[in-house]
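Scope of the values below: all heavy atoms of this structure, side chains included, with no hydrogens, waters or symmetry mates.
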Amino acid sequence: MAKKQRVPAGTTHTKTAAGRNYKWLMVKRNKALYLFILPAFLYFFIFAYIPMYGVQIAFKDFIATKGFGGSPWADPLFKHFITFFSSVRFGEIFWNTIRISLYYLLISFPAPIILALMINEVRGTRFKKLVQNVTYMPYFISTVVLVGMIDLFFSNSGLVNQLTGMFGLEPVLFLQKEALFDHMYVWSGVWQATGYGSVIYFAALAGVSPELHEAATIDGATRLQRVIHVNIPAIMPTIIIMLIISVGGIMNLSFEKVLLMQKDINIASSEVISTYVYKLGIQKAQYSLSSAVGLFNNLINLALLIMVNRIARKVGETSLW
């Protein structure tokens with residue numbers, strides 16, 4: 001058997017020091033690039049990480065006059081979580097959030113991909129740009145204006161009911177029916193965000209090599225076959241990354257939109273965790289309980305993000321980390 005070579009003492013330390021010096025050398029050499037990411041780093045550090053200090057009030061009986069440090073710890077520590085889980089409305093609120101989130105993800109996620117693939121196959125450059133601009137513009141409509149448009153079009157005396165009334169149909173109470181809240185929320189969101197969401201897929205499709213299409217055409221592939229076997233596999237890494245990000249924020253419904261669309265008559269199907277937190281924390285001043293509910297919501301998002309990222313890494317070798 002060959003003798004194992006003995007590593008001289010201090011070699012490992014020398015290699016570590018050399019590696020550390022090399023990293024700092026690369027940082028110094030690329031300092032301009034690090035300056036570019038400094039604003040983004042400061043933004044997330046100030047507005048995302050520093051506020052995490054306040055998460056502790058979910059485990060305290062928070063008293064505003066005493067502040068974070070002076071407020072006593074809850075007894076038991078998870079008292080506010082237990083209060084929420086044992087609440088009569090917990091099942092209703094949690095189910096509403098899951099139901100609307102999954103419905104929105106199921107419809108809104110493939111819509112930009114389909115739109116990008118369809119527009120990418122358009123031959124006319126002017127018509128392609130026109131469609132891109134028309135589908136992109138709704139994204140710049142504010143949430144308040146969007147909900148106002150929904151009220152104008154779908155109210156009892158709105159445009160939709162006026163048009164159906166011309167054909168002798170009875171008016172439909174779109175905004176008052178609990179069963180229609182999900183559809184109104186989801187499809188209005190799809191209309192608003194699909195064009196904007198398709199931009200990243202346009203960029204991914206622009207990177208597809210024309211040689212792949214030429215080879216597929218020579219082999220006799222139709223346009224649909226080239227879309228399925230060339231375009232989609234080429235943008236699949238982008239699709240997976242966007243899916244992971246979407247699932248990681250699945251519980252974060254648009255708080256403003258849900259709150260503005262809520263009516264007293266549809267509150268049973270429209271109350272979600274984000275609006276419940278707002279009403280607890282702002283309207284009822286139950287800061288500790290609202291923080292516990294919000295923390296519970298974010299922990300679910302974190303768990304889903306880690307799980308989906310791990311599955312994507314094992315299945316397709318594409319992941320966020």
Side-chain angles (χ1 to χ4, degrees), residues 2-56 68 105 108-109 112-113 116-117 120 132 136 139-140 193 195-215 230-252 294-295 297-321:
K3 293 184 178 180
K4 187 175 180 181
Q5 294 183 352
R6 186 176 180 182
V7 179
T11 303
T12 304
H13 175 73
T14 304
K15 289 183 178 180
T16 305
R20 191 182 301 112
N21 292 335
Y22 176 76
K23 289 180 181 179
W24 281 111
L25 178 64
M26 294 302 296
V27 170
K28 186 177 180 181
R29 183 176 299 175
N30 299 293
K31 59 184 178 181
L33 299 178
Y34 285 96
L35 287 176
F36 274 112
I37 67 172
L38 181 61
F41 171 80
L42 291 176
Y43 172 82
F44 284 103
F45 179 73
I46 295 172
F47 295 103
Y49 284 91
I50 292 180
M52 287 184 182
Y53 175 75
V55 171
Q56 62 180 298
F68 293 147
L105 179 65
S108 66
F109 182 75
I113 302 172
L117 291 172
N120 188 64
Q132 284 179 317
Y136 190 79
Y139 181 77
F140 296 99
Y196 178 79
S198 64
V199 172
I200 190 169
Y201 299 108
F202 285 130
L205 287 168
V208 179
S209 175
E211 296 178 356
L212 296 176
H213 286 281
E214 293 174 2
V230 177
N231 285 343
I232 294 180
I235 66 173
M236 187 55 68
T238 304
I239 293 175
I240 293 175
I241 293 297
M242 296 305 296
L243 177 62
I244 295 172
I245 296 174
S246 299
V247 173
I250 193 172
M251 300 288 287
N252 294 333
L295 181 59
N297 187 63
N298 290 327
L299 288 176
I300 293 177
N301 281 332
L302 178 62
L304 289 173
L305 177 65
I306 295 173
M307 181 181 66
V308 175
N309 185 78
R310 181 172 297 179
I311 294 173
R313 187 173 64 247
K314 289 184 178 180
V315 175
E317 298 181 356
T318 300
S319 60
L320 287 176
W321 67 84

- Just grab all the side chain to side chain donor-acceptor pair (under 3.5 Å) pairs involving residues 34-52, residues at least two apart or on different chains.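 Output for this query is empty, none listed.
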- Message: By the definition side chain to side chain contact (heavy atoms under 4.5 Å, CB included), identify the one residue from Val247, Ile245, Ile244 that meets it with Leu305.
- Response: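 By the side chain to side chain contact (heavy atoms under 4.5 Å, CB included) criterion, Leu305 pairs with just one of Val247, Ile245, Ile244: Ile244.
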- Item | Ile200, CD1: over 12 other non-hydrogen atoms inside 6.0 angstrom |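 No, the 6.0 Å shell around CD1 holds no more than 12 heavy atoms from other groups.
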- Task: Check whether any side-chain heavy atom of Asn30 lies under 4.5 Å from a side-chain heavy atom of Leu33, and answer yes or no.
- Result: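 Sidechains of Leu33 and Asn30: in contact.
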- Query: Does some side-chain heavy atom of Phe202 sit less than 4.5 Å from a side-chain heavy atom of Leu117?
  - Reply: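 The answer is no; the side chains never approach within 4.5 Å.
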- Item | side chain to side chain donor-acceptor pair (under 3.5 Å) involving Asn252 - partner list, sequence neighbours excluded |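 Scan of Asn252 (side chain to side chain donor-acceptor pair (under 3.5 Å), adjacent residues dropped) gives Asn297, Asn301.
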Determine all donor-acceptor pairs shorter than 3.5 Å in which one atom belongs to a side chain in residues 231-243; sequence neighbours excluded.
| residue | atom | partner | partner atom | Å |
| --- | --- | --- | --- | --- |
| Asn231 | OD1 | His213 | NE2 | 2.9 |
| Asn231 | ND2 | Glu121 | OE2 | 3.3 |

- So, Asn120 side chain and Ala116 main chain: donor-acceptor pair closer than 3.5 Å or not?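 No: the side chain of Asn120 does not pair with the backbone of Ala116.
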Taking atom [atom1] of [X] and atom [atom2] of [Y], what is their separation to the nearest 0.5 Å?
{"X": "Leu320", "Y": "Arg310", "atom1": "CG", "atom2": "CZ", "answer": "13.5 Å"}
{"X": "Met251", "Y": "Leu302", "atom1": "CE", "atom2": "CG", "answer": "13.0 Å"}
{"X": "Ile250", "Y": "Phe109", "atom1": "CD1", "atom2": "CZ", "answer": "11.5 Å"}
{"X": "Leu304", "Y": "Ser246", "atom1": "CG", "atom2": "OG", "answer": "12.0 Å"}

- Task: Could you pull out all residues at least two apart from Tyr139 that satisfy ring-ring contact (aromatic ring centres under 6.0 Å, His included)?
- Result: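 Listed in chain order: Tyr196.
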- Item | ring-ring contact (aromatic ring centres under 6.0 Å, His included) partners for Phe36, two or more places apart |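 Phe36 satisfies ring-ring contact (aromatic ring centres under 6.0 Å, His included) with no residue once adjacent residues are dropped.
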- Smallest separation among heavy atoms of Pro112 and Gly197, with atom names: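 Residues Pro112 and Gly197, closest heavy atoms: CB-C, 3.5 Å.
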- Item | Those residues that, when tested against Tyr53, pass side chain to side chain contact (heavy atoms under 4.5 Å, CB included) (two or more places apart) |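 Residues passing side chain to side chain contact (heavy atoms under 4.5 Å, CB included) with Tyr53: Gln56, Phe68.
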